[in-house]
Protein chains: 2
Amino acid sequence: MPRTDFSRMFSPRGIAIVGANTDATRPGRQTVLALDRHGYKGGVYPVNPKYAEIGGHKCHASLADIDGPCDVAVIALPAAHVPDVIAECGRTGIGFAVVLGGGFREMGPEGEARERRMLEAARAGGVRIIGTNCLGFVNIHERVFAGFGSITRPPDLVPGPVSAVIQSGGYGNSMVINAGQAGIGFRYLVASGAESDIKVPELIDAFVDDPGTRVIFAYLEGLNDGRAFMAAAKRALAAGKPLVVVKAGNTQQGVRAAASHTAFLTASYDVYRAAFRQCGAIEAHDIGDATDTLQSVLGGRLAPGRNVSVMSGSGGALVGFSDAADDYGLTLGPLTEATRAVLKESLPAIASINNPVDFTAGFFKASNMPRLVQCIEALLADPGVDQLGIFMATASGDTMGDSSRAVIGARNPAGKPVYVFSALPPTMTGEGRALLCDAHIPVLASPRRLAAAMAAVADYSAVRANRERLLAEHVPALRALPALPAGKVTLDEHAAKRLLAEAGVTVTRDVVLPADAREFKLPAGLSFPVAVKIVSPQIAHKTDIGAVKLNVADEGQLEQACAEVVANARRAVPDATLAGVLVSEMIPNGVETIIGVVRDPVFGPVVAFGLGGILAETLRDTTYRIAPFGLDTAREMIGELRASALFKGVRGQPPRDVDALAQTLVTVSELAWLARERLVEMDLNPVLVRPAELGVAAADALILLE
Amino acid sequence: MPRTDFSRMFSPRGIAIVGANTDATRPGRQTVLALDRHGYKGGVYPVNPKYAEIGGHKCHASLADIDGPCDVAVIALPAAHVPDVIAECGRTGIGFAVVLGGGFREMGPEGEARERRMLEAARAGGVRIIGTNCLGFVNIHERVFAGFGSITRPPDLVPGPVSAVIQSGGYGNSMVINAGQAGIGFRYLVASGAESDIKVPELIDAFVDDPGTRVIFAYLEGLNDGRAFMAAAKRALAAGKPLVVVKAGNTQQGVRAAASHTAFLTASYDVYRAAFRQCGAIEAHDIGDATDTLQSVLGGRLAPGRNVSVMSGSGGALVGFSDAADDYGLTLGPLTEATRAVLKESLPAIASINNPVDFTAGFFKASNMPRLVQCIEALLADPGVDQLGIFMATASGDTMGDSSRAVIGARNPAGKPVYVFSALPPTMTGEGRALLCDAHIPVLASPRRLAAAMAAVADYSAVRANRERLLAEHVPALRALPALPAGKVTLDEHAAKRLLAEAGVTVTRDVVLPADAREFKLPAGLSFPVAVKIVSPQIAHKTDIGAVKLNVADEGQLEQACAEVVANARRAVPDATLAGVLVSEMIPNGVETIIGVVRDPVFGPVVAFGLGGILAETLRDTTYRIAPFGLDTAREMIGELRASALFKGVRGQPPRDVDALAQTLVTVSELAWLARERLVEMDLNPVLVRPAELGVAAADALILLE
């Protein structure tokens, strides 16, 4: 599909409102009112054969009657009429339609058929559709209000550089409104609804292409095509436009609520989170958090590291900040002697001139402002300070205004990010806040929120620094897929390990003995101790039923172990076909890990990695990445486990072969990608990670193909 | 010390301002200005021989010259003068002084001596002191402003039932101001500063005794006497007055910042958190969170369980709430048929009448208000709904006013907690907010914050339901302390286990063989396999140096194991005295846990409990309680571990003997309490938890006495 040029949609010459009426509580009327109230300059064309005029605008019997150029039709009619109106859009050259109402695929077979007819009409007529079931879209700069409900009502947004796409109109708009209240200006706002045609990735693409958009916000409940989203996000990253994302529908109850609310497939939140990391999207987690993050990336300032400094007149606020700094991985490092000398000269004798800086209560007064500027400049010039926060706390009125001017006026040649904490409402801090907002200096409502904003900027700065790696397509080193057996089939341990070995994954050596053998001798190539396990396509969790014996030390024990696993398997799963008894080498001194692959409905093949063993599984210490990926990403996964210190060697244990582990993750990700058409699930459990340079080995595996 | 009656302090007949002056930027002048601006009705007595009058008040040469009744002296003088002024307070019958400035124990030996002289003068004269180094205190109802700085400046607080003590003036007051902006009314506000005399617990006691205080807020950085705080908190619990606490200085950087800022000992945050749970204090974590929590407990409504319902016109907001509900352990359970019938009748056809309830966009209009009331009443009458949230989201003006009236007017015979989410600022929602505030219905700024508020109320309701248990003093069943060896001594495994056994803790059977023996025979009473370990007061971490051998299977292996542990110990710690080789029974099939006791500088003996093994220790899955405690508390600890599912039996493992484990925790806590004068540290590692009914056994232990 050729890329759509959205400029006629966002800057339409005229807007038709099909189903316009005179009841202000109804969508059709609301659109006309909003266009009038905001002063839209293009043509406003109500369409409804029942009226001669609506709100002073001539009312048209049909789209064909419109006598001026018209690029957008807002359709406020019951679903049954929509396919015909779309067809009429096509005939009259209206390139974009906004379908406000529902009644499509969410309503079962009849609605699905209606949606199909609508989309066919759209394709035939070259019409693109926002919606169905949506609040519509807005262009704040040009006062285009092609929608209804909360996006057309006060509080009015001011023009600015943020464009937003929100999948839930009401809730997403709560976030936009909250950001607007903090002084953030908006450009395009699209409530994309059920996304029957135009979807989030295409809108992000449009925002990336729009020169007036500098920051992109997306409120997501689910995606149809996760990789299309990642591609759009990477385009935003390449263009240097921060993409801030809030994803809802992440927990069991949340997914259930989302399922009843939208028609999206919902991938596991872990997978979304991995995808956001891999494409450089910045995640926020709540209304206030989204506002804070947008404020913080709006100025375009980046931080080379995670060293920060803050200055406050309240030691307590510094304590609160320091707690949060630890939680967010920020460091309050030492200041240089030069910086400390300036602080000592400028601040009261009882001040603390270490980091964090306590300038003590009462310092914020007009006569001290030159000193405040000196301190800020010294801190911003300190090579150990990547970001700076100034706590205005309960300063109000002129004091807030003066100190804001000091913050803005201070020289900041390196363009380091600067933040302000104010505990007072805008009604008491108006002038200062307005000045800071114009200077793109974020104002946060608590020291903790200031730390969170600094962390978001540090994270995004790291993403920008790693941009090349994130943008590079990973080219699998694995060139060809090993031969896969045909059909829907489960590969048992022996077969799965063979396949993995062919792909280059180290597996434990093994041999299968017949289940009904009388004598069990250790085959050549293996030495004691060995592991003995049942092999059966019907038995996945062998350990749980006693069908695994480890540390089998000699031939006597081998015979007994083989007999036991066969007996235990027969008892637990009487109908199981026993393909044999697997005897395999034991890997000494390995840290147990698990590598898995699942086929995600939204993102396709995804690699999961975690620690093995009952305890680790109980604690769910697991991380995910979209396949395929390279060594840097694999190393990131290993470092993300809560217990990752284990790989460095703790309590007298040796450091582990992290290189080999990372390579194994990469190979598995490549295999998962190449086999994506057939691979339903793959489970390497355990993968034993040996001391450094001794490698890793998959000691068990299971592969499901279809 | 007899309990002080604080009524003369909070309601003084007159206030002297010692060191008053005419410079409005200085504390002494600020107090007089604040008293005048707020309209304090008592006597205002500036004291300064340099002036005849200050701001229209007669200025006095000394406290003795004051001609009316005076109960509080605010002292705005350099530290050197303070002890004499306190003595003068005593002579003139002024019972309370507020020392605004610093220059005492935080300044080294000279300051310490000064503080001592000040306290001696206070004790001799019957004077109680707020401060040193503080902003002073306020009685909002009676317009008493005995302080300076932000607590005397706008925004003015409105009178109400919350009394607050804040250890950092500026930051704590940011929290109070934020709460005030949300409409919360205050009564007493004390910035207690360095707490040279009057400390947090005594102030909480005063608030508990004050009939006008209904809710207590405390901002803490550290405590001198943790158990005094717990006793005060329990009095608040007994009186039914919620105590909301914010504790700062919790992380490494935070503790460092607190240490340079205050003179408090700082216990581990884990210990504070345990103490808060044990005394029923409600913890909040940030400025906004504190406001939300105060709002939510202010109405006094409790919830019998964690089942909640919310209704919204935006499905997205419900998804966001549902995510948060999962995170906070709230359940959106099924509604009864009766409730669903009412919802079906009252709401639009496209509404979702399951829980959460989606009444769909556009429902909030005047004509629908009777239907909204019906829905709210049905949900509040549903036995499966303990708390209810109504999402007003972007409703403003009259719509917000109307729907607020509907929420307030709905019958709520059981007094279930009700909450409102509004995304708009007070400037757009004024009337509705004011009505809700008067009705003690909290207004939260996001669905997630609404969920957090519900969780706080559910937690506090559980505390109130468990009040008797929390208030009951635990009486140790352990009557007498086993005999302890004299002096500063480390008990090795053998001796420590003997002591634990005497106290009633099950330990593994063992025997000590001489380290220099030639032949090692298994002593009577033990059977193979056994564990072999070195015994040496100088070697604590035996495993790390190879001085432990497990699963020793026969006499041959025993001899070899003994020789190896001796050799490894000699190699690792050449100077160590080897007291012998300990041979002890092996406990099969036990889950490894660790029970420890530390002597906390703030709270005294504290019991730590966690899972054992390298992985668990790396993940720090540990919980704490102040000793001594009973079985219910011990069970709570076991349930708090992230991996507590292990005790229930996972992956084919049997359920564990949680009863015996809980009893062991109780016994250790009693032993720790009884031995508190001598016990520096105690470490039971591992404590093996066997399958249900088979008990637990401490397989190693170490005790440090002094």
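In the text below, chain A, chain B and the rest are named by the order of the sequence lines, each starting its count at 1. Model, not experiment: these values are computed from the prediction.
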What part of B/D621 lies closer than 4.5 angstrom to a heavy atom of chain A: side chain, backbone, both or neither?
side chain
Can you tell if the side chain of B/T394 reaches within under 4.5 Å of the side chain of A/P155, non-hydrogen atoms only?
no
What residue, out of B/L646, B/V246, B/I350, has the most heavy-atom pairs lying under 4.5 Å from chain A?
B/L646
Ranking A/P426, A/S312, A/P447, A/A395 by heavy-atom pairs under 4.5 Å to chain B gives rank one to A/P447
Measuring heavy-atom distances to chain B, does A/Y219 have an atom under 4.5 Å in its side chain, in its backbone, in both, or in neither?
side chain
Segment of B/F148 engaging chain A (4.5 angstrom heavy-atom cut-off):
neither
Part of A/A643 within contact of chain B (heavy atom distance under 4.5 Å):
both
When rounded to the nearest 0.5 angstrom, what distance separates NE2 in B/H285 from CG in A/D327?
10.5 Å
Does any backbone or side-chain atom of B/T331 lie under 4.5 Å from a heavy atom of chain A? Answer side chain, backbone, both or neither.
both
Hey, what do you get for NZ (B/K365) to OG1 (A/T25), rounding to the nearest 0.5 Å?
4.0 Å
Pair B/F421-A/S174, side-chain contact (heavy atoms from CB on, under 4.5 Å): steps then yes or no
CA-CA 11 Å; B/F421 152 52; A/S174 293; 4.0 Å; yes
A/R153 versus chain B, the contacting section by heavy-atom distance below 4.5 Å
side chain
Tell me, for B/L424 versus chain A, whether the close heavy atoms (under 4.5 Å) come from the side chain, the backbone, both or neither.
side chain
Which one of B/A325, B/P154, B/P425, B/G288 has the most heavy-atom pairs closer than 4.5 Å to chain A?
B/P425
So, the part of A/L611 with a heavy atom under 4.5 Å from chain B: the answer is side chain
Can you give me the closest heavy-atom contact between A/S446 and B/D286, atom names plus distance?
OG-OD2, 2.7 Å
